[in-house]
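What follows is a short report on a single structure.
We name chains A, B, ... by the order of the sequence lines, and we start the count at 1 in each one. These values consider heavy atoms only, across backbone and side chains, with no hydrogens, waters or symmetry-generated copies. Small disclaimer: the values here were computed from a predicted structure and weren't measured.
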There are 2 protein chains.
Amino acid sequence: MELKRTADGETGFEKVFAFLRERLLAGSLKPGDRLISERELATLLGVSRPIVREALRALTVLGIVEIRDRIGTVVTRPDVSVLNDFFTFALAQQADMLDDVMQARVAIECQAIRLACERANIADFERLQRALAKIGETIDEADAGGMADFEFHRAIVIASHSETLTVLHGSLAGLLTHSHRSRRKLVQAFPSMKTYLIDDHRRIFDAVIARDPERADATLRKHFAIGDEYRRRAIVGDIDRTIASG
Amino acid sequence: MELKRTADGETGFEKVFAFLRERLLAGSLKPGDRLISERELATLLGVSRPIVREALRALTVLGIVEIRDRIGTVVTRPDVSVLNDFFTFALAQQADMLDDVMQARVAIECQAIRLACERANIADFERLQRALAKIGETIDEADAGGMADFEFHRAIVIASHSETLTVLHGSLAGLLTHSHRSRRKLVQAFPSMKTYLIDDHRRIFDAVIARDPERADATLRKHFAIGDEYRRRAIVGDIDRTIASG
DNA sequence: GTCTGATCTTGGTCAGACCAGTATGCTAAC
DNA sequence: GTTAGCATACTGGTCTGACCAAGATCAGAC
């Protein structure tokens, strides 16, 4: 029928995507709403169904929309998985990004702990306490220990009651899980790290309980710094001597 | 020919996506590589071309791949725009997220300024200085002033030499541009804010020059806090009185 | 009033086709 | 031998019309 591009050089896909984007941003399409069928959308915008599907698929990977087989397409609440996907790919292609991601994680967590000091409620405190206890219990186990560590830090972020921080932390931390595990392997190799892990988390917990943002931030930051230092020395291979002399 | 799903209930799209994901994560597909043509991919995986296009489109919006008209599909370096898209949609559907996003931005920037104190080079200092000068020059203009403000903060993040932080900050700040602008409108309405804006940025700049992470972080954090306070008072509507009495 | 089955609708997919430029290589002119 | 030109194969961008399987719906049977 017509040319493949509209007058202004817009591609068919862009046309559909822009159409949906508009409604989504304007708010006329809200989470839970069901879109009109692919066929209707196609005839409405004067494009073919495969093109419509491309656009819907694009929104799907962005976590904006969910295509349900034989049901229809519905608008969803934005989901974290997008960020996970992105960082996963990004990390795979730039291995040197790992340290960078860690920096971002520290950023998020230090901000979160400040907010947590202001906003944490009883439930948050309890979650933190449970996580702290678990760190002590699993100090000798690599996997469970790493999990407990992760849970503690996650509990901090949750206590910030900031969804954006939680989402970001979730994506970033997901990439660093093996980092946690490798840290735990260090523990098994060098039992001297046990006190560092337990005491540090305890101090962080105390600062949050005291609702002291400055102290909490500083303590957490130091915690990360020491962890870095441990890993660095482990790489050099003289961790035992260094600790013994410290 | 066959059923629409493979034996394990995998959809055609997932099949193609998984295929490409594998190569991308494994590293056999690196940035700059050109994929085989859509037709070849289709016959190779036993699916139709529209399905292949869905998968490629999905990778496109994830910023992993770029489809070039009449050229082919090439692997690109992961791009920020994904995060931008995501946050834009996410924000649109959860307006209350704005404050949340601001918290995340503060997090990123405070971490960035710490790194900047360690890593900034002459070029970074010069960029900061230029931005600082521009803030002074454009103090009376709403749009240009907001831009200058943004440039200064961006210069801080760039000076951190952390791509991840830069990427995240870019996405978050993009959502907050109108926040900058509205702040500038406050300036026009209440000239008493001029000194706050100029002096604060100057102090931040000085701390970075001095390579003092703690001071830089604290100063920047205070800067944001004061900005928040201004906005809050502006909403209440008694900003003049408050400032006059302070 | 409830249950049941035919029918409509929806997403998932395919096959084959056309268009408009790009890339390439071969031919013909210099 | 070199190079300008052009035919051709290839690429993405798109359309059409079709089929399948299963959820949704509603009329009709009980």
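Rounded to an integer number of Å, the gap from A:Leu56 CG to C:dT10 P is 13 Å. B:Arg53 places its CZ atom 12 Å from the C1' atom of D:dC15, with the value rounded to the nearest Å. Following rounding to the nearest Å, B:Asp69 (CG) and C:dG21 (P) show an atom-to-atom distance of 9 Å. The distance between atom CD1 of B:Ile51 and atom P of D:dT14, rounded to the nearest whole Å, is 16 Å. One can place CD of B:Glu54 at 12 Å from C1' of C:dC14, the figure rounded to the nearest angstrom. Atom C1' of nucleotide D:dG23 and atom CZ of A:Arg70 are separated by 8 Å, given to the nearest angstrom.
Minimum atom distance to the side chain of B:Phe13 is reached by C:dT13, of the listed D:dG12, C:dG11, C:dT13. For A:Ser48, the listed nucleotide lying nearest its side chain is D:dT14; candidates were D:dG13, D:dT14, C:dG12. Side-chain proximity of B:Val47 to D:dG13, C:dG11, C:dC14: nearest is C:dC14.
In this structure, B:Arg57 pairs ionically with A:Glu54, as a charged nitrogen and a carboxylate oxygen lie closer than 4.0 Å. Between A:Arg77 and A:Glu163, at least one side-chain N (NZ, or NE/NH1/NH2) sits under 4.0 Å from a carboxylate O, which counts as a salt bridge. Under the 4.0 Å criterion applied to side-chain N and carboxylate O atoms, A:Arg21 and B:Asp85 are assigned as salt-bridge partners. By the 4.0 Å N-to-carboxylate-O rule, B:Glu151 lies too far from B:Lys134 to be salt-bridged with it. The existence of a salt bridge linking B:Arg105 and B:Glu109 is confirmed by a sub-4.0 Å separation between a basic side-chain nitrogen and an acidic carboxylate oxygen.
Between A:Thr73 and C:dT10, a side-chain N or O to OP1/OP2 separation shorter than 4.0 Å is absent. Neither OP1 nor OP2 of C:dC14 sits under 4.0 Å from any side-chain N or O of B:Arg49.
Residues forming a ring-ring contact (aromatic ring centres under 6.0 Å, His included) with B:Phe89 (at least two apart in sequence, or on another chain): none.
Across all strands, B:Arg68 comes closer than 4.0 Å only to sugar-phosphate atoms, never to a base (heavy-atom distances).
Map A:Ile71 and B:Ile67 each onto its nearest nucleotide of DNA chain D; the residue landing nearer the 5' end is B:Ile67.
Residues from residues 30-41 of chain B that place a heavy atom under 4.0 Å from any atom of DNA chain D, listed by number: B:Ser37, B:Glu38, B:Arg39, B:Glu40.
Side chain to side chain, B:His153 and B:His169 fail the donor-acceptor criterion of an N or O pair below 3.5 Å.
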